[in-house]
Structure formats: C-alpha cells, structure tokens
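A short write-up of the structure that comes next.
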Amino acid sequence: MTKQMTTAQSRIVVVGNGMVGHHFVEQMVEALPQAHITVLSGEPRLAYDRVHLSEYFTGKTAAELALTDEARYQSLGVEFHVNAKVVDINKSDKTVTTESGATYSWDKLVLATGSFPFVPPIPGHDQEHCLVYRTIEDLEAIQHSASQSKVGVVVGGGLLGLEAANALKQAGLETHVVEFAPQLMGVQLDEGGGALLKRKIEELGVQVHTSKATEIIEAGDNNRYQLRFKDGAVLGTDMVLFSAGIRPQDALAREFDIEIGPRGGIVVNNQCQTSAQDIYAIGECALWNNFIFGLVAPGYQMARVAASHIAGGDLAFTGADMSTKLKLLGVEVGSIGDAHARTPGALTYIFENQPKQVYKKIVVDAKQELLLGAVLVGDTGEYDTLLQFALNGMALPENPESLILPASDGAAPAIGAGALPDTATVCSCHNVSKGDIISAMDGGACDLGSVKSCTKASTGCGGCTALLKTVVETELEARGVEVKKDICEHFAYSRQELYHMIRVEQIHSFDELLDKHGSGHGCDVCKPTVASILATAWNDYVLKKPHIGLQDTNDRYLGNMQKDGTYSVVPRIAGGEVTPDKLIVLGEVAKEYNLYCKITGGQRIDLFGARLEELPAIWRKLIDAGFETGHAYGKSLRTVKSCVGSTWCRYGVQDSVGTAINIEDRYKGLRSPHKIKMAVSGCTRECAEAQSKDVGVIATENGWNLYVCGNGGMKPRHADLFATDLDTETLVKYIDRFLMFYCKTADRLQRTSVWLENLEGGLEYLKQVVIEDSLGIAEELEAQMAAVVGTYQCEWKTTVEDPEALKRFRQFVNSPEQDENVVFVQERTQIRPATSEEKQAYWSQQKIAVLDATHSETTPHTEPA
Amino acid sequence: MNWQPVCQLDDLIDNAGVCAKLNQLQIALFKFIVQGEAQYFATGNWDPIGEANVMSRGILGSVQDELVVASPLYKQHYSLTSGKCLEDDSRSIPVYPVRLVGEQLEIQA
Ligand code: SRM
Ligand SMILES: Cc1cc2nc3c(=O)[nH]c(=O)nc-3n(C[C@H](O)[C@H](O)[C@H](O)COP(=O)(O)OP(=O)(O)OC[C@H]3O[C@@H](n4cnc5c(N)ncnc54)[C@H](O)[C@@H]3O)c2cc1C
Ligand code: SF4
Ligand code: FES
C-alpha cells in the first residue's frame, strides 16, 4: 500500500453531485480531512434522493428529498457550485472548465456524472408533453403536463417505467404502459413473474400493452396525441413519459479521450480508476467488467473504493449484488441473483397460487446446495431469508422448496438473524455487515435508532429495514437485554396485545384483565390505556362505575384540567358550522359563569376557568341548547375542520362542510390510541389544511381524495395521498377501516403519523390492508366501527342525567365551599388565572376586608403560603 | 391529635379519590381496592409541583410494591403511605392516618 496523497494540497474535483458523487464527498472528507474538495453539480441544486424521487408526487418537497445542503457542505469545508456543467477536461494541465467558463485545478478528478434517460428516436418524441423521469425538474414538468391531461402513456415497462406509471395514476390520469418486450420488468423477472405482475397491475387500473413497438407519436383525434404501433394499432394519449432505459453519461470521457466501452460507459478497474491518470469514475457512468450498475448500492461501494484509493487505502470494487425488492403500484416484487436460471445446470422450483396471485421461484445449483436466484411476485415475505442464502452461500435445507412453500405445507422457518454469519451484508447501500452492527452495539449503541445513526445502515434505499430490525433485536436478546414492548410494569404486553386479549376474551373491565394477565395494582399508564381500549371495543359510558378510576383526570371530569385545577368546556361544533342562536347561548353561558372565551385552532370555541362544581350546570345549559360534548379531553376524535366549499365558494367542487359534519358525527366519541384530527377541503386550494391531519379529505371534480397520517404538533408531517376520486360511500368505508386498523395496532399515545412510520411495509401495506383487504379483516373492521357509531352517547348528557355521577363533581364531599386557591384577575376584559404573587396580594386584601368587616373568621387557609 | 370525621363511606369512589375540607385543610381521600379489600388513604390535596389543589383527582396505582397516586397535572407519583414523591426526593405531600367507624370515615389531622 502506498501512501501517495496525504498532503494538504490534495485538490479533488468531483464532477456531478448525484447520489454517488455526494456519497463520495462524505467518504472523502472522512478518509482525508485535509483534502480540498470542489463539487461541480450540473443540476440547479445539490444532491437529493433520486431513489425516492417519486415521493415528490406524494407531497415530499425538494428540501425533504435533499441529501445535503449548503450549510452542511460549508461545515465540511467543501467548495461547491450548482448549475456548473463541466464541458472541458484538460488532462495535462489538470483542470476542468464549466459552461460558464470557470476553471478548476485538480490533483485527482472524479467523474460521477451518472446516466441520462434514453429516449428512443421515434418520430414525434420531442414534442411538448413528451417527457422523461430523472430529476426534480422532470417531475415538475410532469406535474404541469399532467394537470392539463386526462390520459398518460409510459413507454417502457421496466422498474422505473412502472414507478412512473404509478405517478401518473396518482395524478388521476388514465394510465397506460407500453412495453416493447413480451413481458414487464424483463431484467429482474422471469416470464411467469412478469405475467402475474401484468395481471395485478391491470387490476389496479393501469393498462399494460406488451410486445408493442411504437412507430410514431402523432396528433390524436380525441387526445392531444396518439401512439401508432407497428402492428397498426393506435393508442390515444395526452402525454408521453419515456422510460426506456438509461444510458451512462460518458460524454466528457468520449470527448477527452478516456476509454469507454463499446456500448458506452467509462471503463474503470477495481479501484475505479479510468484509463487516464488520476481520473476516477464512479456510479452509473462507470463501466466495470463490461457492466453498468443501475442501482445506488453498487455506486456507493464505488464511492467508498475511490475515496479509499485516493487516501491511500486498499479497498477494491469486486462487483455488486443487483437483487431488488420493491413495491410497484402496490404490488410486491422481488428479484435475487440469477433470476433467469442462466447458470449452466441450474434447476428451478416454482410455486404459484393463482387465486391469491402469488408467484415464487427459486433457482438452485445442479447439486441443489446453493441458492442462485429467486423471483417473487405478490408476496416478498421470504425475500430477506432467500437473499441471505444467496449472498452468503449458505447451505440450502434438504427440501429447498420449503423456502417458498406456504407455512401450512411444512415450510422451513425464516433463518433467524442469529444464524447469519458475521460477514453477512445487512445493508448493501452502506456496506454494513452483521459484524459491523455487532461492533456498533459493543461500542454502546443499544437500540435500533443508535445503530442506524452510527452505522448508517438502512438510511439508503431502505430495503434492509426489516432485516436490520431483526438483527438488532436478536442481538439485544442474545445479550440478555429484553426488547421491551411492555406498556408498564403491570402488564408484560404491548398495547396491541392487550387490545387483542380484550377483544378475543371479551374482557369488559380493568380488574378482569389485571387478574388474568397482569400483576400489581395498575398505574397511570396502563389504566387509561386499558380504559381507552375498552371504550374502543365496547363503547360503554366512560364514567360507568368500574371505569371511573381508570380515566385520566380529563376524561374523569369530561373537561381539560388547566394549570390552576379548573377545567375548560369545549362543545362540539361539527365542521365548524354554528348557528347564531348557538353562538348566543355560548356567549350567555360564558357570561353567566364568567368564563374566558377563545376560538381554538380547531374551529370551535373553548370556555376556560370552569370550577369542578360548575361543570354540570354549565353543560346542562349547553345541552339544552342542542350542544354535545366536543371530546376535547379524550384521546378520541377532536374536530373535523372544513372550508366553506362549493355551497358558497366560487372555486369549490364539492360540499366540504356537509361532508365534514357527516364525518364528525360518524366518528365522534371513538376512543383511540391518541387523538385524531380530520379536515375536509372543498377543492385543491386546501383551505381546511387537510394534508396536516390524521385523515384529510380533499374534493376533486369526481369525488374525494383521501389523505392519511398527517399532523401538526411537535413534529409536523404531511399526510400521504391514500386513494383518489372516491365516492362518499367508499370514502367512509376506507376511513372506517383505516381508523379501526389504527385502533387495533397502534401503540399508546402514538399518533397515526408515527404509527405509519413504524408500520412494517409502510403506506403500501396500509393500502393493501384497507383498500385491497389483504388480511381479510375489512369486514370485521367495518363491523367494529359500526358498533361504535351505533352506540354513541353524549357523555355529558348521560352525566347530567345521572344523580350518582353528579355527586362526583363536588369540590368537597363535606362542604359547599369553593377551592380558594382558584383566583382570577382581569386581562383584556376577561379572566385569567392569577399568578402566585397576585394570589398573595388578593388574599392579604381579603384579610383586610374581612378584618374591616370585624368578622371573627380567619382568612381562608392557603397551603402555598 | 384527635380522630375527626370527614365523610360518609358512600361519598367515596372505588379506586379513585375525592376531596374533603377539614379545618381549612383540603384533604384527598382515596378508597383503593387492593386484592379485593378496600384500603383507605388520606393525603393533602395540594400538588406541590403543579401548585394546585388537585391530588384527589389523580390515578391510583402501584410502583414496585409502593401504593401511589399520580398527580393529574404532571404525573409525578406520591406514596400513599409516606407521601414521598418518587421522582423528586425533595418533595412530598402530607399523609394522615385514616379509620372507618361504622359508615363514617375519620382521619387524624
Ligand atoms: C385549545 C387548543 C389551543 C387553542 O387555544 O387553540 C389546544 C389546547 C391544548 N392542546 Fe392542542 N390545542 C388545540 C389545537 C391544537 C392543534 C391545531 C389543530 O387541531 O388544528 C394542534 C396541532 C395539530 C395536530 O394535533 O396535529 C395541537 C397540538 C397539540 C399537541 C401535539 C400533538 C402532537 O402529535 O405532536 C398536544 C400534546 C399531546 O396531545 O400530547 C396538545 C395538547 C393540548 C392540551 C390538551 C394540553 C394539555 O394537556 O393541557 C391543551 C388543552 C386545552 C384545553 O384545555 O382545552 N395539542 N393542538 C386547541 C383546541 C382545538 C379544539 O377545538 O379541540
Ligand atoms: C425514479 C427513480 C427511482 C429509482 N429507484 C431506485 C431504487 O429503488 N433502488 C436503487 O438502487 N436505485 C434506484 N434508482 C437509481 C439510482 O437513483 C441511481 O443508481 C443513482 O442515483 C446513481 O447515482 P449517480 O450519482 O451515479 O448518478 P446521478 O444520480 O444521475 O447523478 C449524476 C449527476 O451528475 C450530473 N452531471 C452529469 N454530467 C455532468 C457534467 N458534465 N458536469 C456536472 N454535472 C454533471 C447530473 O446532472 C447529475 O446530477 C432510481 C432512479 C430513478 C430515476
Ligand atoms: S400550543 Fe401548548 S400552550 Fe398552546 S394550547 Fe397547545 S399545548 Fe397549550
Ligand atoms: S440496503 Fe439500502 S438502505 Fe440498507
């Protein structure tokens, strides 16, 4: 090993700031901190996550996709220029020049120019609304074009083409995919897998046309254009997206005499060096062993290798695994190694379940000892296990077919993470092996989060998330660290398990649950949690005798406790709609009881400063005027915010107020793991901010778009688009299922956003459960919701009608006096709680007043004094 | 100190608290059913951390073997027998001896 480059003068210029170029910068800074790095980005921005580019369409912003920013590069001492396309390389002077004429000197030059989308030279390909899918600017153009189109065609049925088709479908377009070959995803899948994928995608409403060669894109009759195929058929469309493969961006190498391969790509050796001295190439522009790697993980490996070589290290690039697992249009697809069984002597096992639409194939060597490849469509549950067999050359079980047969047929259990060798790669994006994870844990990383942040595992494409979790948990268990999901010391169960027990064993009280499954006497964690589950499951009156002691103070007194021990009163104002008469009543009640009035952030009116003993009288008046409890105190539905919608607004396309009121009335009273907020907007201008809610509904010309799992609060999250153009009935059905599935599976105090982020399989899985009913529980969820809806009662109405319950709203059981520590002062002509100094002043004044009146009584006893 | 009557048995709520006033003191009274048997506790109603008279509205429970009440404001736990705050050594609430005479609850305060 030669220490060639350790001087502070090492000037390194990186051309291209894609994912790989950026990874190189990070590696280089670490490997050689004294190097001076200059980044020249051909795009108008610094590196972003191209792998998750499609999330741009589901609401991720360019900033959220960014992998770095100016401040980060500045803090690393990295010089950078955007819009800096390199047009000249001078190998003898060792300089590069950009389009704008700026020249930069280098000691080492790294080409990380990636690739560009191939657009087949079909006549008409270069018209307006004929686009590609590679950069944020491309996506902006697609969005713009889609907004003026009804039909869209994707040319190319590979992995990216299907992703693009998904984007068009989500944008509400009638979507077609045209593929030249006889099957979809020809690179990764075999014929059987491709055929099943096609069927599934067609069921989702995307039309797939295979074996179709497009000859011309010409003006259409009913649409902007039409594609004319070689077989004479035509297909009308308003926009065309090309996704017919990528080509390495090797223009610079071509022009300045750096060796390229016969079909393009900058030739590199195992150190990622090109044919030119001191010039490296990495990522999708590099051709290694006659092969271009179109995935990010191999590119990252090249980045590490080049950085290591420049710093004098000896890493080598020796090829990379091209296995992939993804969800395309909600269909699970996995491909490992030699999917086409091209290895001489290879044998295959195939399992197909047509009714369930699952296709699985494994490819093994002639001796049936090693796994060479696999294809999975419809269910990728075995992916991690199979990949580990393939990557680590682990000996196959005696009946290899057991690896893909359903469990009831005697399948081998998934290999436990414990059985993996330490050399097994867990995360290929960041080249993290099981051994690396173990040493991170030896070094003190004791949970998933810290393992992630110190090894970077699972922060790339995310494909290894599930495996990483099992490895960490298995290792923790092996160390005797209990991976605790217990909700508290009284129950060795998670909330989900408790929910299940309560439902299945028909448990109706806390004591019964504690007797059967718990220990000790409960606490302020398990009691409210169980109370909430009991309410979701059976919907009893929450202040029924055995439940009283379980409720948090807010639920116990049906109001939110304020800092001075008084309560707030929040009647429901469904959808934010309120009549003048009701407004007058609110004002009258507030005036009579001297309550502070405020419009809340949830479109309703909060009355603060009610003493415990005043609550029943206040509520009786409100109920008489037609109000109901607003559940501001409960982990339950809060408000369904609305905008005025088509009734009044000149832009509205649906009645958002009416729908908001119906939804609020339907779900009011549902007790849930955490509070739930919703909103309905009458058009895409989104005045009700539906995309910041747990459930957001936005009107379209054709119905409603449903968004889920957003929130404001401490860590805001935009809701994800879940389904489009629903009619009202389907909308309600999906919300029913969604909410009940959340109630069933979430942790205590877990908002829908955090729940989704922890849900294995994420949004796509949730869609499968709710929309496609993949678990077969949709009917049960709907029935459970129907039971809750059917047993709704206004808790305040029940309470004011029950003399026993009313007894609990006494400040003192033995005296009609009031809590003298509750003292108000005036501010902006309304009350507010007095500060402790103000209280002292108030009490001493009272004392004087009392003495003045020559009463013999002493002042009220004040404990704070 | 004398035993003084504070309330009737049916003023209490199973597994929860109520508040009584005794000589200008606010007293939180709890009926905690432990292994099928009712136990009675009396503490001050003043939450020394939240600075409000709210202890009677807290949730009853146990931490290890200690029977506790949790402040409804900021959730600190106070021992029902010693009054000590489990989260903060320097804080405590007063506790009072309780007894049941017939249907009447009496405390020493
Ligand atoms: C009254 C109100 C503020 C206001 O004056 O506008 C309010 C008041 C409280 N909020 Fe809020 N929030 C209020 C709207 C909001 C909003 C805005 C909205 O709903 O559009 C948000 C952000 C949106 C969201 O939740 O996604 C909001 C995010 C929170 C959070 C943070 C939640 C999170 O997931 O990060 C908490 C803390 C918690 O729930 O754990 C919280 C907790 C509270 C509590 C319960 C704190 C407490 O324990 O005392 C306050 C009770 C007030 C009371 O006595 O009624 N409040 N709170 C609003 C009542 C709306 C209503 O009509 O029911
Ligand atoms: C929609 C989409 C989904 C994908 N999904 C996956 C996936 O799930 N898994 C996976 O592994 N991979 C996926 N990929 C592929 C992955 O994004 C690429 O492998 C990876 O981005 C390659 O990184 P790179 O840095 O080599 O190239 P790029 O990211 O293309 O970056 C090259 C950069 O160099 C710039 N450049 C080019 N020429 C010049 C010049 N002369 N001067 C200055 N700058 C220049 C370009 O403008 C560009 O910014 C996906 C790609 C797309 C488009
Ligand atoms: S933001 Fe904080 S202070 Fe304001 S209402 Fe919400 S919880 Fe209370
Ligand atoms: S394999 Fe891509 S993040 Fe781990």
So for atom [atom1], which belongs to [X], do other residues, nucleotides or ligands contribute more than 12 heavy atoms lying within a distance under 6.0 Å?
X	atom1	value
Lys563(A)	NZ	no
Glu37(B)	CD	no
Lys75(B)	NZ	yes

### Task
Mark yes or no for whether Arg810(A), through its side chain, and Cys19(B), through its backbone, hold a donor-acceptor pair below 3.5 Å.
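A pair under 3.5 Å: no.
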Between [atom1] of [X] and [atom2] of [Y], what distance do you get to the nearest 0.5 Å?
X	Y	atom1	atom2	value
Arg556(A)	Ile59(B)	CZ	CD1	8.5 Å
Asn814(A)	Gln8(B)	CG	CD	10.5 Å
Asp14(B)	Ile548(A)	CG	CD1	8.0 Å
His521(A)	Gln39(B)	NE2	CD	8.0 Å

### Task
Using a 4.5 Å cut-off on heavy atoms from C-beta on, say whether the side chain of Gln24(B) contacts that of Glu820(A).
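No. Closest side-chain heavy atoms not under 4.5 Å.
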#### Entry: Sub-4.5 Å side-chain heavy-atom contact between Asp552(A) and Pro72(B)
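No; the side chains remain at least 4.5 Å from each other.
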With only heavy atoms counted, which part of [X] is less than 4.5 Å from chain A, the side chain, the backbone, both or neither?
X	value
Asp10(B)	both
Leu60(B)	both
Gln64(B)	both
Val69(B)	neither
Ala20(B)	both
Ile27(B)	neither

Over all atoms of both residues, closest heavy-atom pair of [X] and [Y]:
X	Y	value
Gly565(A)	Val54(B)	CA-CG1, 3.7 Å
Cys7(B)	Val813(A)	CB-CG2, 3.8 Å
Cys523(A)	Ser62(B)	CB-O, 4.2 Å
Leu73(B)	Met561(A)	CD2-SD, 3.6 Å
Asp524(A)	Ala70(B)	CG-CB, 3.6 Å

### Query
Does Lys21(B) pair with Asp819(A) as a salt bridge, N-O distance under 4.0 Å?
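No, no charged N to carboxylate O under 4.0 Å.
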### Message
With a 4.0 Å cut-off on N to O distance, would you call Lys839(A) and Glu51(B) a salt bridge?
### Response
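Not counted as a salt bridge, because no side-chain N and carboxylate O are separated by less than 4.0 Å.
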#### Entry: chain B contact via Asp564(A) - which portion, at a heavy-atom distance below 4.5 Å
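Contact with chain B is through the backbone of Asp564(A) alone.
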### Interface moiety of Leu612(A) toward chain B, non-hydrogen atoms closer than 4.5 Å
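Side chain only.
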### Message
So which residue, Pro48(B), Gly17(B), Gly58(B), ends up with the most heavy-atom pairs under 4.5 Å with chain A?
### Response
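Among the listed options, the one with the most contacts to chain A is Gly17(B).
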### Query
Taking non-hydrogen atoms and a cut-off under 4.5 angstrom, which of residues 101-109 of chain B neighbour chain A?
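No residue falls under the 4.5 Å cut-off.
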### Query
With chain B, which of Arg808(A), Gln811(A), Lys807(A) has the greatest number of heavy-atom pairs at distances under 4.5 Å?
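The answer is Gln811(A).
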### Message
Just to verify, what does His490(A) make a ring pair (Phe, Tyr, Trp, His ring centres under 6.0 Å) with, not counting sequence neighbours?
### Response
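With sequence neighbours excluded, His490(A) shows a ring pair (Phe, Tyr, Trp, His ring centres under 6.0 Å) to no residue whatsoever.
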#### Entry: Verdict with reasoning, Phe812(A) to Val18(B), per side chain to side chain contact (heavy atoms under 4.5 Å, CB included)
CA-CA 7 Å; Phe812(A) 302 113; Val18(B) 297; over 6 Å; no
### Task
Go through the steps to decide whether Asn15(B) and Lys545(A) satisfy the test side chain to side chain contact (heavy atoms under 4.5 Å, CB included), and finish with yes or no.
CA-CA 10 Å; Asn15(B) 291 315; Lys545(A) 267 241 167 97; over 6 Å; no
